[in-house]
Amino acid sequence: DTPPSFTLESGENLTTDSVDIIAGCLPETAELSFNLNENLKLSVDVKGMSVTTSASASSAVLDTLTVFPHSMVHVSVNGVESSEAQSASIRFVKKVEQSEGASSTAIQQSHATELKFEYQAVLGFTDKTYADLFVNNTTHEFEINAHNGITLGSGRREVKVTLENCKVKTFRKSAQVGNLIFVELSGNGTLKTAFGVDDISDVNW
């Protein structure tokens, strides 16, 4: 669904610089991703309507969420976890169209339109698993799940996004080491689950 618009502030040094205040922002893309030896990342691109400047900024709220290193990240296709996932991402794309009219030099409205979900990954599978997952190019599920391994109620943190009805768009076998096959793949699907756990409660979002 289209979320409420928000205001975004950006500044460097208030004694020598101005703060840019961007109003009417809507997220256009969000990407949950990881690479080997890096932390799980969530990056968001937004599109705003107007910009003003100020000599003061609102108080920053520092993020206290758990960091998920790559050792806490699991990537699965059809419920089968990749033996050696190298990288993976799920991208939410909601195109934002903007409109304006006479008697104003500013954008007057933003409209979120098309919504789609894309994924890409470099994954390692054993021979049989590799063959079973992609035979006949049937639809499948693709999932990124990160958790800290702690019991719910004792400090568990988790984020999970699952796409279903996925179709492979690009597919390439990039390397083979013994019985392990590395594949590079990308595709699109529909959202099945977006799920998070914050210590003692869980929520779909």
Practice problem: Using the side chain to side chain donor-acceptor pair (under 3.5 Å) rule, take Asn165 and Thr190 through it: C-alpha gap first, then chi angles, then the decisive distance, then the call. | Solution: CA-CA 6 Å; Asn165 304 315; Thr190 58; 3.1 Å; yes

Practice problem: Show the numbers, then the answer: is there a side chain to side chain contact (heavy atoms under 4.5 Å, CB included) between Phe125 and Val183? | Solution: CA-CA 8 Å; Phe125 292 105; Val183 294; 4.2 Å; yes

Practice problem: Take Asn145 and Val73, measure what side chain to side chain contact (heavy atoms under 4.5 Å, CB included) needs, and give me the verdict at the end. | Solution: CA-CA 6 Å; Asn145 176 238; Val73 180; over 6 Å; no

Quiz item: Hey, mind stepping through Val168 and His140 against side chain to side chain contact (heavy atoms under 4.5 Å, CB included) and telling me if it holds?
Solution: CA-CA 9 Å; Val168 173; His140 55 274; 3.4 Å; yes

Practice problem: Given side chain to side chain contact (heavy atoms under 4.5 Å, CB included), test Leu185 with Phe171 step by step and report yes or no. | Solution: CA-CA 4 Å; Leu185 68 155; Phe171 178 87; 4.3 Å; yes

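Counting non-hydrogen atoms of neighbouring residues, nucleotides and ligands closer than 6.0 angstrom, the CD atom of Gln120 reaches no more than 12 such neighbours.
Under the side-chain hydrogen bond (donor to acceptor under 3.5 Å, both in side chains) criterion, Thr7 pairs with no residue, sequence neighbours left out. Under the side-chain contact (heavy atoms from CB on, under 4.5 Å) criterion, Glu81 pairs with His74, Ser76, not counting sequence neighbours. Residues that satisfy the side-chain hydrogen bond (donor to acceptor under 3.5 Å, both in side chains) test with Gln86, not counting sequence neighbours, are absent from this structure. Taking Glu38 as the reference, Lys41 meet the salt bridge (charged side-chain N to carboxylate O under 4.0 Å, His left out) condition, with sequence neighbours excluded. Qualifying ring pair (Phe, Tyr, Trp, His ring centres under 6.0 Å) partners for Phe142, counting only residues two or more places apart in sequence or in other chains: Tyr119. With sequence neighbours excluded, no residue forms a salt bridge (charged side-chain N to carboxylate O under 4.0 Å, His left out) with Glu84. Applying the side-chain hydrogen bond (donor to acceptor under 3.5 Å, both in side chains) rule to Ser82 yields no partners; only residues at least two apart in sequence or on another chain are considered. The side-chain contact (heavy atoms from CB on, under 4.5 Å) check on Thr29 picks up Asp45, Arg91, Val93, with sequence neighbours excluded. Under the rule for a side-chain hydrogen bond (donor to acceptor under 3.5 Å, both in side chains), Asn148 has no partner lying at least two apart in sequence or in another chain.
Within the model, atoms OG of Ser87 and CG of Asn35 stand 5.0 Å from one another, a figure rounded to the nearest 0.5 Å. Here NE2 of His147 is found 9.0 Å from CE of Met72. Values are rounded to the nearest 0.5 Å. A distance of 8.5 Å separates SG of Cys166 from CG of Asn78, quoted to the nearest 0.5 Å.
Considering all non-hydrogen atoms of both residues, Leu123 and Ala85 come closest at CD2-CB, 3.8 Å.
A salt bridge links Arg156 with Glu158: at least one charged nitrogen is closer than 4.0 Å to a carboxylate oxygen.
Every pair passing salt bridge (charged side-chain N to carboxylate O under 4.0 Å, His left out) that includes a residue from residues 168-194 is listed here, sequence neighbours excluded: Glu141-Lys192, Arg172-Glu184.
Applying the 4.5 Å side-chain rule to ILVMFWY residues, one finds Val177, Phe182 in the same cluster as Leu180. Cluster partners of Ile150 are absent, since no Ile, Leu, Val, Met, Phe, Trp or Tyr has side-chain heavy atoms less than 4.5 Å from it.
Under a hydrophobic-cluster definition in which Ile, Leu, Val, Met, Phe, Trp and Tyr are linked whenever side-chain heavy atoms come within less than 4.5 Å, directly or via other members, Val159 and Ile90 are assigned to the same cluster. By the criterion of side-chain heavy atoms lying less than 4.5 angstrom apart, applied directly or through intervening Ile, Leu, Val, Met, Phe, Trp or Tyr residues, Val75 is not grouped with Val122; the two fall into different hydrophobic clusters.
A donor-acceptor distance shorter than 3.5 angstrom exists from the side chain of His70 to the backbone of Asn37, with no hydrogens or angles considered.
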